[in-house]
Amino acid sequence: MMLFSLFLGFIGYLSTSSWAFFGAVFQQFLAKYDRAFPIVMGLLLIYSAIVIFVDL
């Protein structure tokens with residue numbers, strides 16, 4: 001049980017570290033494309049909604 005707890009703690013640490021690292025990288029990327037990114041994400045959201053409703 002102790003080994004499993006250490007394993008879960010290690011996995012949690014790796015997950016948090018990778019989340020922070022990629023967050024810092026993407027923050028720089030998104031700051032560069034401040035106008036285009038929200039437009040692309042909005043269009044993808046609309047496309048996703050259309051695909052969901054059409055497939056029903």
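All residue numbers in this chain count up from 1 along the given sequence. All figures in this text were calculated on a predicted structure; none of them were measured in a lab.
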Any link between Trp19 and Phe10 through a network of hydrophobic side chains (Ile, Leu, Val, Met, Phe, Trp, Tyr) touching at under 4.5 Å? no
So if you build clusters from Ile, Leu, Val, Met, Phe, Trp, Tyr with side-chain heavy-atom gaps below 4.5 Å, do Leu44 and Leu30 land together? yes
In this structure, CG of Leu3 is separated from CG of Leu8 (nearest 0.5 Å) by 10.0 Å
Mind checking whether Tyr47 and Met41 sit in one hydrophobic cluster, side chains of I, L, V, M, F, W, Y counted as touching below 4.5 Å? no
With hydrophobic residues grouped by side-chain heavy-atom distances under 4.5 Å, do Phe37 and Val40 end up in a single group? yes
Nearest-0.5 Å distance, CG of residue Asp34 to CD1 of residue Ile39: 10.0 Å
Distance check, rounded to the nearest 0.5 Å: Ile50 atom CD1 versus Leu45 atom CG? 10.0 Å
